[in-house]
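A short write-up of the structure that comes next.
Computed from a predicted model, the values in this text were never measured in an experiment. Quick note on labels: first sequence line is chain A, next is B, and so on, each numbered from 1.
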Amino acid sequence: MPRKIPWWAGGILMSLLFFFTFSEWGAGRPIGASTGMAYLSEVLFGLDADAHEYTALIETSGAWEGVMLIGVFFGGLFMSLFVTKTFHISTIPTLWKTRKNSSVPSRMVWSFIAGFLLVYGARLAGGCNAGHILSGGSQTAVSGMIFTVVALGTGMITGRFFYKRKKSCA
Amino acid sequence: MIERITHMFDVVAAQGHGSVWTVLFIGFCFGAVILWSRLDKFEKMAGFMIFEDTLAPRMAMMTVALSGVGFYALVQGGVAEYQVKPTLLGGLLVGAVLFGMGLVILGKCPSAFFVSVSEGRVDALVGVIGGMVGGAVFTLTFPWIKQLMGPDLGTIRLSDVLGGYELTIVLLLSLILFVVALLIPTVDYHDPADENQKR
(Lines give C-alpha, C1' and ligand atoms only; values in the text may rest on other atoms or scores of the structure.)
Protein backbone atom coordinates (compact mmCIF):
# COMPACT_ATOMS: atom_id res chain seq x y z
CA MET A 1 0.00 0.00 0.00
CA PRO A 2 1.22 3.54 -0.67
CA ARG A 3 2.62 5.37 2.34
CA LYS A 4 0.71 8.52 1.52
CA ILE A 5 -2.42 9.29 -0.48
CA PRO A 6 -2.94 12.45 -2.56
CA TRP A 7 -5.40 15.16 -1.49
CA TRP A 8 -8.13 14.11 -3.93
CA ALA A 9 -8.04 10.49 -2.77
CA GLY A 10 -8.20 11.70 0.84
CA GLY A 11 -11.23 13.82 -0.04
CA ILE A 12 -12.99 10.93 -1.78
CA LEU A 13 -12.37 8.49 1.09
CA MET A 14 -13.42 11.08 3.65
CA SER A 15 -16.69 11.80 1.84
CA LEU A 16 -17.46 8.06 1.48
CA LEU A 17 -17.03 7.76 5.25
CA PHE A 18 -19.29 10.80 5.72
CA PHE A 19 -22.02 9.22 3.50
CA PHE A 20 -21.91 6.05 5.58
CA THR A 21 -21.99 7.91 8.90
CA PHE A 22 -24.72 10.34 7.82
CA SER A 23 -27.07 7.69 6.42
CA GLU A 24 -29.21 5.41 8.52
CA TRP A 25 -27.06 2.46 7.38
CA GLY A 26 -24.27 3.92 9.49
CA ALA A 27 -25.06 6.23 12.38
CA GLY A 28 -27.74 8.61 11.04
CA ARG A 29 -25.79 11.66 12.18
CA PRO A 30 -22.92 13.83 10.98
CA ILE A 31 -19.36 13.52 12.30
CA GLY A 32 -18.10 15.84 15.02
CA ALA A 33 -15.16 15.67 17.40
CA SER A 34 -15.03 18.54 19.88
CA THR A 35 -18.15 17.56 21.87
CA GLY A 36 -16.45 14.20 22.39
CA MET A 37 -13.33 15.99 23.57
CA ALA A 38 -15.35 17.94 26.17
CA TYR A 39 -17.12 14.73 27.20
CA LEU A 40 -13.86 12.81 27.67
CA SER A 41 -12.52 15.63 29.84
CA GLU A 42 -15.66 15.43 32.00
CA VAL A 43 -15.06 11.68 32.39
CA LEU A 44 -11.41 12.33 33.28
CA PHE A 45 -12.10 15.11 35.78
CA GLY A 46 -15.22 13.47 37.21
CA LEU A 47 -17.62 16.30 36.29
CA ASP A 48 -20.93 14.49 36.64
CA ALA A 49 -24.19 15.27 34.89
CA ASP A 50 -26.21 15.79 38.10
CA ALA A 51 -23.90 18.58 39.26
CA HIS A 52 -22.97 20.18 35.94
CA GLU A 53 -25.46 21.55 33.47
CA TYR A 54 -23.17 21.23 30.45
CA THR A 55 -22.36 17.58 31.13
CA ALA A 56 -26.08 16.83 31.14
CA LEU A 57 -26.54 18.82 27.93
CA ILE A 58 -23.97 16.82 25.91
CA GLU A 59 -24.69 13.44 27.52
CA THR A 60 -25.74 11.67 24.30
CA SER A 61 -23.81 13.46 21.56
CA GLY A 62 -20.68 13.68 23.74
CA ALA A 63 -20.71 9.97 24.52
CA TRP A 64 -21.09 9.14 20.80
CA GLU A 65 -18.17 11.34 19.82
CA GLY A 66 -16.12 10.17 22.82
CA VAL A 67 -16.36 6.57 21.62
CA MET A 68 -15.64 7.71 18.06
CA LEU A 69 -12.46 9.47 19.23
CA ILE A 70 -11.24 6.23 20.80
CA GLY A 71 -11.67 4.68 17.36
CA VAL A 72 -9.82 7.65 15.80
CA PHE A 73 -6.81 7.02 18.03
CA PHE A 74 -6.60 3.36 17.05
CA GLY A 75 -7.18 4.14 13.37
CA GLY A 76 -4.23 6.51 13.45
CA LEU A 77 -2.09 4.05 15.43
CA PHE A 78 -2.81 1.22 13.00
CA MET A 79 -1.87 3.31 9.97
CA SER A 80 1.26 4.85 11.54
CA LEU A 81 2.54 1.42 12.59
CA PHE A 82 1.69 -0.67 9.56
CA VAL A 83 1.02 1.50 6.52
CA THR A 84 2.77 4.86 6.67
CA LYS A 85 5.35 3.49 9.15
CA THR A 86 5.79 6.98 10.54
CA PHE A 87 5.45 6.10 14.22
CA HIS A 88 8.29 7.64 16.19
CA ILE A 89 8.53 9.71 19.34
CA SER A 90 8.98 13.37 18.39
CA THR A 91 8.58 16.67 20.20
CA ILE A 92 8.89 19.56 17.75
CA PRO A 93 7.47 19.66 14.19
CA THR A 94 9.97 20.60 11.45
CA LEU A 95 8.08 23.67 10.29
CA TRP A 96 7.88 24.97 13.87
CA LYS A 97 11.68 24.68 14.08
CA THR A 98 12.21 26.69 10.92
CA ARG A 99 9.56 29.32 11.62
CA LYS A 100 9.51 29.59 15.42
CA ASN A 101 12.25 28.03 17.57
CA SER A 102 13.92 24.76 18.61
CA SER A 103 13.05 24.94 22.30
CA VAL A 104 11.09 21.95 23.59
CA PRO A 105 9.62 23.82 26.62
CA SER A 106 8.42 26.61 24.30
CA ARG A 107 6.67 24.14 21.97
CA MET A 108 5.07 22.34 24.94
CA VAL A 109 3.78 25.51 26.61
CA TRP A 110 2.32 26.76 23.32
CA SER A 111 0.82 23.32 22.58
CA PHE A 112 -0.96 23.35 25.93
CA ILE A 113 -2.30 26.88 25.41
CA ALA A 114 -3.34 26.09 21.83
CA GLY A 115 -5.07 22.85 22.86
CA PHE A 116 -6.97 24.78 25.51
CA LEU A 117 -8.02 27.49 23.01
CA LEU A 118 -9.06 24.88 20.42
CA VAL A 119 -11.43 22.96 22.66
CA TYR A 120 -12.71 25.97 24.63
CA GLY A 121 -13.28 27.87 21.37
CA ALA A 122 -14.93 24.89 19.68
CA ARG A 123 -17.34 24.40 22.59
CA LEU A 124 -18.18 28.09 22.63
CA ALA A 125 -18.87 27.95 18.88
CA GLY A 126 -20.81 24.69 19.23
CA GLY A 127 -18.45 22.65 17.01
CA CYS A 128 -15.00 22.34 15.51
CA ASN A 129 -13.77 21.93 11.96
CA ALA A 130 -15.27 18.43 11.71
CA GLY A 131 -18.71 19.54 12.90
CA HIS A 132 -18.83 23.04 11.43
CA ILE A 133 -16.58 23.10 8.36
CA LEU A 134 -16.90 19.54 6.97
CA SER A 135 -20.30 18.38 8.28
CA GLY A 136 -21.76 21.90 8.46
CA GLY A 137 -20.48 22.92 5.04
CA SER A 138 -21.85 19.73 3.46
CA GLN A 139 -25.30 20.57 4.83
CA THR A 140 -25.00 24.22 3.68
CA ALA A 141 -25.40 25.31 7.30
CA VAL A 142 -25.05 29.04 7.91
CA SER A 143 -23.30 28.38 11.25
CA GLY A 144 -20.68 26.30 9.45
CA MET A 145 -20.00 29.03 6.87
CA ILE A 146 -19.61 31.74 9.52
CA PHE A 147 -17.30 29.48 11.55
CA THR A 148 -15.17 28.62 8.50
CA VAL A 149 -14.60 32.22 7.47
CA VAL A 150 -13.92 33.56 10.99
CA ALA A 151 -11.74 30.65 12.19
CA LEU A 152 -9.58 30.44 9.07
CA GLY A 153 -9.33 34.24 8.81
CA THR A 154 -8.19 34.48 12.44
CA GLY A 155 -5.78 31.59 11.90
CA MET A 156 -4.16 33.31 8.93
CA ILE A 157 -3.82 36.63 10.77
CA THR A 158 -2.48 34.91 13.90
CA GLY A 159 -0.06 32.83 11.84
CA ARG A 160 1.32 35.94 10.18
CA PHE A 161 2.28 37.48 13.51
CA PHE A 162 3.07 34.29 15.41
CA TYR A 163 5.45 32.74 12.88
CA LYS A 164 7.71 35.51 11.75
CA ARG A 165 9.91 34.24 8.97
CA LYS A 166 13.52 34.11 10.12
CA LYS A 167 15.91 36.11 7.99
CA SER A 168 18.22 33.74 6.20
CA CYS A 169 21.82 34.63 6.93
CA ALA A 170 23.54 32.36 4.52
CA MET B 1 -13.78 6.66 36.29
CA ILE B 2 -14.16 3.09 34.97
CA GLU B 3 -17.81 3.39 35.83
CA ARG B 4 -18.06 6.57 33.74
CA ILE B 5 -16.34 4.94 30.79
CA THR B 6 -18.72 1.95 30.94
CA HIS B 7 -21.57 4.45 31.15
CA MET B 8 -20.29 6.18 27.99
CA PHE B 9 -20.47 2.91 26.03
CA ASP B 10 -23.94 2.16 27.46
CA VAL B 11 -25.22 5.59 26.36
CA VAL B 12 -23.92 5.01 22.82
CA ALA B 13 -25.44 1.51 22.67
CA ALA B 14 -28.83 2.90 23.72
CA GLN B 15 -29.12 5.98 21.47
CA GLY B 16 -29.74 4.39 18.08
CA HIS B 17 -26.95 6.14 16.19
CA GLY B 18 -25.21 2.90 15.25
CA SER B 19 -23.90 0.17 17.53
CA VAL B 20 -20.79 0.73 19.64
CA TRP B 21 -18.80 -1.26 17.08
CA THR B 22 -20.13 0.87 14.22
CA VAL B 23 -19.12 4.04 16.05
CA LEU B 24 -15.65 2.66 16.78
CA PHE B 25 -15.38 1.61 13.12
CA ILE B 26 -16.34 5.11 11.95
CA GLY B 27 -13.72 6.61 14.26
CA PHE B 28 -11.12 4.08 13.11
CA CYS B 29 -11.69 4.98 9.45
CA PHE B 30 -11.74 8.71 10.23
CA GLY B 31 -8.37 8.46 12.02
CA ALA B 32 -6.94 6.22 9.30
CA VAL B 33 -7.89 8.62 6.46
CA ILE B 34 -6.48 11.60 8.38
CA LEU B 35 -3.17 9.83 8.97
CA TRP B 36 -2.93 8.29 5.50
CA SER B 37 -3.36 11.67 3.85
CA ARG B 38 -0.89 13.12 6.42
CA LEU B 39 -3.46 15.71 7.45
CA ASP B 40 -2.48 15.20 11.09
CA LYS B 41 0.86 16.86 10.50
CA PHE B 42 1.61 20.34 11.81
CA GLU B 43 3.09 21.18 8.42
CA LYS B 44 -0.24 20.48 6.69
CA MET B 45 -2.69 22.23 9.03
CA ALA B 46 -0.63 25.17 10.32
CA GLY B 47 1.34 25.23 7.07
CA PHE B 48 -1.86 25.91 5.14
CA MET B 49 -2.58 29.03 7.19
CA ILE B 50 0.92 30.40 6.65
CA PHE B 51 0.78 29.50 2.94
CA GLU B 52 3.44 26.77 2.91
CA ASP B 53 1.18 23.82 2.05
CA THR B 54 -2.14 23.36 0.25
CA LEU B 55 -3.19 19.82 1.20
CA ALA B 56 -5.70 20.79 3.91
CA PRO B 57 -7.85 23.26 1.89
CA ARG B 58 -7.86 21.05 -1.23
CA MET B 59 -8.86 17.94 0.68
CA ALA B 60 -11.48 19.79 2.75
CA MET B 61 -13.03 21.37 -0.36
CA MET B 62 -13.10 18.02 -2.14
CA THR B 63 -14.79 16.41 0.88
CA VAL B 64 -17.44 19.11 1.22
CA ALA B 65 -18.07 19.21 -2.55
CA LEU B 66 -18.76 15.47 -2.71
CA SER B 67 -20.53 15.25 0.66
CA GLY B 68 -22.78 18.21 -0.18
CA VAL B 69 -24.26 16.45 -3.22
CA GLY B 70 -24.22 13.05 -1.50
CA PHE B 71 -25.99 14.29 1.63
CA TYR B 72 -28.66 15.95 -0.50
CA ALA B 73 -29.22 12.67 -2.36
CA LEU B 74 -29.35 10.68 0.90
CA VAL B 75 -31.89 13.09 2.41
CA GLN B 76 -34.03 13.07 -0.77
CA GLY B 77 -33.81 9.27 -0.80
CA GLY B 78 -35.19 9.21 2.73
CA VAL B 79 -32.21 7.49 4.33
CA ALA B 80 -30.82 10.49 6.19
CA GLU B 81 -31.90 13.75 7.81
CA TYR B 82 -30.18 17.11 7.90
CA GLN B 83 -28.93 17.90 11.39
CA VAL B 84 -27.85 21.51 11.28
CA LYS B 85 -26.13 23.20 14.21
CA PRO B 86 -27.79 26.32 15.63
CA THR B 87 -26.32 29.72 14.83
CA LEU B 88 -25.63 31.15 18.31
CA LEU B 89 -23.99 34.25 16.95
CA GLY B 90 -21.98 35.49 19.97
CA GLY B 91 -20.55 32.11 20.89
CA LEU B 92 -19.94 31.26 17.25
CA LEU B 93 -17.89 34.39 16.54
CA VAL B 94 -15.80 34.43 19.75
CA GLY B 95 -15.38 30.65 19.65
CA ALA B 96 -14.24 30.69 16.03
CA VAL B 97 -11.62 33.36 16.83
CA LEU B 98 -10.19 31.31 19.75
CA PHE B 99 -10.35 28.14 17.63
CA GLY B 100 -8.51 29.76 14.73
CA MET B 101 -5.70 30.91 17.03
CA GLY B 102 -5.43 27.46 18.61
CA LEU B 103 -5.49 25.76 15.21
CA VAL B 104 -2.56 27.67 13.75
CA ILE B 105 -0.44 27.40 16.92
CA LEU B 106 -1.02 23.69 17.61
CA GLY B 107 -1.36 22.79 13.93
CA LYS B 108 -4.06 20.18 14.58
CA CYS B 109 -7.80 20.11 15.10
CA PRO B 110 -9.70 18.23 17.85
CA SER B 111 -9.69 14.97 15.91
CA ALA B 112 -6.28 15.24 14.25
CA PHE B 113 -4.48 15.72 17.53
CA PHE B 114 -5.54 12.23 18.61
CA VAL B 115 -4.15 10.93 15.34
CA SER B 116 -0.92 12.81 15.94
CA VAL B 117 -0.59 11.30 19.40
CA SER B 118 -0.96 7.85 17.86
CA GLU B 119 2.05 8.70 15.70
CA GLY B 120 4.20 9.39 18.76
CA ARG B 121 4.07 13.19 18.78
CA VAL B 122 4.56 14.46 22.32
CA ASP B 123 3.55 18.04 21.48
CA ALA B 124 0.19 16.73 20.25
CA LEU B 125 -0.27 14.86 23.55
CA VAL B 126 0.35 18.11 25.44
CA GLY B 127 -2.22 19.72 23.14
CA VAL B 128 -4.74 17.00 24.06
CA ILE B 129 -4.07 17.64 27.76
CA GLY B 130 -4.58 21.37 27.17
CA GLY B 131 -7.81 20.50 25.38
CA MET B 132 -8.95 18.31 28.27
CA VAL B 133 -8.42 21.23 30.65
CA GLY B 134 -10.18 23.53 28.16
CA GLY B 135 -13.19 21.20 28.04
CA ALA B 136 -13.36 20.96 31.83
CA VAL B 137 -13.07 24.74 32.28
CA PHE B 138 -15.84 25.23 29.71
CA THR B 139 -18.08 22.79 31.59
CA LEU B 140 -17.40 24.60 34.88
CA THR B 141 -17.93 28.10 33.45
CA PHE B 142 -20.93 27.18 31.24
CA PRO B 143 -23.62 28.58 33.62
CA TRP B 144 -22.08 32.07 33.19
CA ILE B 145 -20.85 31.72 29.61
CA LYS B 146 -24.20 30.60 28.16
CA GLN B 147 -25.70 34.07 28.69
CA LEU B 148 -23.05 35.54 26.40
CA MET B 149 -23.50 33.02 23.56
CA GLY B 150 -26.61 34.46 21.91
CA PRO B 151 -28.46 35.73 19.97
CA ASP B 152 -29.78 32.41 18.70
CA LEU B 153 -30.64 32.68 15.01
CA GLY B 154 -31.83 29.07 14.97
CA THR B 155 -30.80 26.14 12.78
CA ILE B 156 -30.54 27.86 9.45
CA ARG B 157 -29.24 26.71 6.08
CA LEU B 158 -28.36 28.79 3.04
CA SER B 159 -31.69 27.88 1.42
CA ASP B 160 -33.53 29.36 4.45
CA VAL B 161 -31.67 32.64 4.06
CA LEU B 162 -32.10 32.81 0.29
CA GLY B 163 -35.71 31.60 0.34
CA GLY B 164 -35.50 28.21 -1.33
CA TYR B 165 -33.49 27.00 -4.35
CA GLU B 166 -32.03 24.19 -2.23
CA LEU B 167 -30.87 21.97 -5.09
CA THR B 168 -29.36 24.90 -6.99
CA ILE B 169 -27.43 26.04 -3.90
CA VAL B 170 -26.10 22.55 -3.17
CA LEU B 171 -25.01 21.97 -6.78
CA LEU B 172 -23.51 25.44 -7.17
CA LEU B 173 -21.60 25.31 -3.89
CA SER B 174 -20.26 21.84 -4.65
CA LEU B 175 -19.25 22.85 -8.16
CA ILE B 176 -17.43 25.97 -6.94
CA LEU B 177 -15.56 24.03 -4.21
CA PHE B 178 -14.69 21.24 -6.65
CA VAL B 179 -13.31 23.60 -9.27
CA VAL B 180 -11.39 25.69 -6.71
CA ALA B 181 -9.90 22.52 -5.17
CA LEU B 182 -8.67 21.49 -8.64
CA LEU B 183 -7.30 24.93 -9.48
CA ILE B 184 -5.33 25.62 -6.29
CA PRO B 185 -1.71 24.79 -7.10
CA THR B 186 -0.10 21.95 -5.17
CA VAL B 187 2.28 23.32 -2.57
CA ASP B 188 3.76 20.42 -0.67
CA TYR B 189 5.90 21.23 2.35
CA HIS B 190 8.87 18.92 2.20
CA ASP B 191 9.54 17.55 5.67
CA PRO B 192 13.01 15.97 6.08
CA ALA B 193 11.69 14.15 9.18
CA ASP B 194 9.49 12.04 6.84
CA GLU B 195 12.50 11.04 4.74
CA ASN B 196 14.24 9.60 7.79
CA GLN B 197 11.25 7.37 8.47
CA LYS B 198 11.36 5.65 5.07
CA ARG B 199 13.08 2.40 5.77
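Interface remark: of the candidates B/Thr186, B/Ile34, B/Val126, B/Val12, B/Val126 forms the most heavy-atom pairs closer than 4.5 Å to chain A. Looking only at heavy-atom pairs under 4.5 Å with chain A, the residue among B/Met132, B/His17, B/Glu166 that has the most is B/His17. With chain A as the partner, the residue from B/Val94, B/Val33, B/Val97 showing the most heavy-atom pairs under 4.5 Å is B/Val97. Residue with the most contacts toward chain A among B/Gly18, B/Gly91, B/Ser174, B/Ala80: B/Gly91 (heavy-atom pairs, distance under 4.5 Å). With chain B as partner, the option from A/Val142, A/Leu77, A/Val119 having the largest number of non-hydrogen pairs under 4.5 angstrom is A/Val142. Top candidate by heavy-atom pairs under 4.5 Å with chain A, chosen from B/Val79, B/Val117, B/Leu35, B/Val128, is B/Val79. Listed options A/Gly62, A/Gly28, A/Ser90 were ranked by heavy-atom pairs under 4.5 angstrom with chain B; first place goes to A/Ser90. Chain B forms more heavy-atom pairs under 4.5 Å with one residue of A/Arg160, A/His132, A/Met68, A/Met145 than with any other, namely A/Met68. Among the candidates B/Lys108, B/Lys146, B/Arg121, B/Lys85, the residue making the largest number of heavy-atom pairs closer than 4.5 Å to chain A is B/Lys85.
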>> ring pair (Phe, Tyr, Trp, His ring centres under 6.0 Å), that's the test. Do A/Tyr120 and B/Phe138 meet it? Break it down for me.
In response: CA-CA 6 Å; A/Tyr120 196 90; B/Phe138 185 81; 5.4 Å; yes
>> One pair to check against ring pair (Phe, Tyr, Trp, His ring centres under 6.0 Å): B/Tyr82 and B/Phe71. What are the steps and the verdict?
In response: CA-CA 8 Å; B/Tyr82 280 124; B/Phe71 280 16; 7.3 Å; no
>> Does A/Phe74 form a ring pair (Phe, Tyr, Trp, His ring centres under 6.0 Å) with A/Phe78? I'd like the steps, not just the answer.
In response: CA-CA 6 Å; A/Phe74 286 104; A/Phe78 176 84; over 10 Å; no
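Neither the backbone nor the side chain of B/Lys41 comes within less than 4.5 Å of any heavy atom of chain A. In this structure, the portion of B/Leu89 lying under 4.5 Å from any heavy atom of chain A is its side chain and not its backbone. For B/Leu55, the parts sitting under 4.5 Å from any heavy atom of chain A are the backbone and the side chain alike. Both the backbone and the side chain of A/Ile12 come within contact range of chain B, judged by heavy atoms closer than 4.5 Å. Interface residue B/Thr22: only side-chain heavy atoms are found under 4.5 Å from chain A. For chain A, the nearby parts of B/Val64 are the backbone and the side chain; heavy atoms of each come within less than 4.5 Å. Heavy-atom distances place both the backbone and the side chain of A/Val67 under 4.5 Å from chain B. Neither the backbone nor the side chain of B/Leu88 comes within contact range of chain A; no heavy atom of the residue lies under 4.5 Å from a heavy atom of that chain. When heavy atoms are compared at a cutoff of 4.5 Å, B/Ile129 approaches chain A by way of both its backbone and its side chain. Both the backbone and the side chain of B/Met101 come within contact range of chain A, with heavy atoms under 4.5 Å apart. Neither the backbone nor the side chain of B/Ala112 comes within contact range of chain A; no heavy atoms are under 4.5 Å apart. Residue A/Ile31 touches chain B through its side chain alone, counting heavy-atom pairs closer than 4.5 Å. Looking at B/Pro57, neither its backbone nor its side chain comes within 4.5 Å of chain A, counting heavy atoms on both sides. Of the atoms belonging to A/Leu134, heavy atoms from both backbone and side chain fall under 4.5 Å from chain B. Heavy atoms closer than 4.5 Å to chain A are found in both the backbone and the side chain of B/Phe28. The part of A/Phe162 that comes within reach of chain B is its side chain, from C-beta onward, which places non-hydrogen atoms under 4.5 angstrom from that chain. When heavy atoms are compared at a cutoff of 4.5 Å, B/Thr141 approaches chain A solely by way of its side chain, counted from C-beta outward. Only the side chain of B/Leu173 comes within less than 4.5 Å of a heavy atom of chain A; its backbone N, CA, C and O stay farther away. Only the side chain of A/Phe45 comes within less than 4.5 Å of a heavy atom in chain B; its backbone stays farther off. Contacts of B/Val75 with chain A are made by side-chain atoms alone, with heavy-atom separations under 4.5 Å and no backbone atom involved. When heavy atoms are compared at a cutoff of 4.5 Å, A/Glu59 approaches chain B by way of both its backbone and its side chain.
For the salt bridge (charged side-chain N to carboxylate O under 4.0 Å, His left out) test, residues two or more places apart in sequence or in another chain that qualify with A/Asp48 are B/Arg4.
B/Thr54 places a side-chain N or O within donor-acceptor distance of the main-chain N or O of B/Pro185, the cut-off being under 3.5 Å. The main-chain N or O of B/Asp191 is never found under 3.5 Å from a side-chain atom of B/Glu43 such that the two would form a donor-acceptor pair. For the pair B/Arg58 (side chain) and B/Leu182 (backbone), a donor-acceptor distance under 3.5 Å is present. Here the side chain of A/Ser103 pairs a donor or acceptor atom with the backbone of A/Ser106 at under 3.5 angstrom. Between the side chain of A/His88 and the backbone N or O of A/Thr86, at least one donor-acceptor pair lies under 3.5 Å.
Counting only N and O atoms by type, the side chains of A/Ser102 and A/Lys97 include no donor and acceptor under 3.5 Å apart. No side-chain donor-acceptor contact under 3.5 Å links B/Asp123 and A/Trp110.
Within a 6.0 Å sphere centred on CD of B/Glu3, other residues, nucleotides and ligands contribute 12 heavy atoms or fewer.
Not less than 6.0 angstrom separates the ring centroid of A/Phe116 from the ring centroid of A/Phe112. Aromatic pair B/Phe99/A/Phe147: centroids less than 6.0 angstrom apart.
In this structure, CZ on B/Phe25 lies 9.0 Å from OG1 on A/Thr21, to the nearest 0.5 angstrom.
Between A/Arg29 and B/Glu81, none of the side-chain N atoms (NZ, or NE/NH1/NH2) sits under 4.0 Å from a carboxylate O, so this pair counts as no salt bridge. The existence of a salt bridge linking B/Asp53 and B/Arg38 is excluded, since no basic side-chain nitrogen approaches an acidic carboxylate oxygen closer than 4.0 Å.
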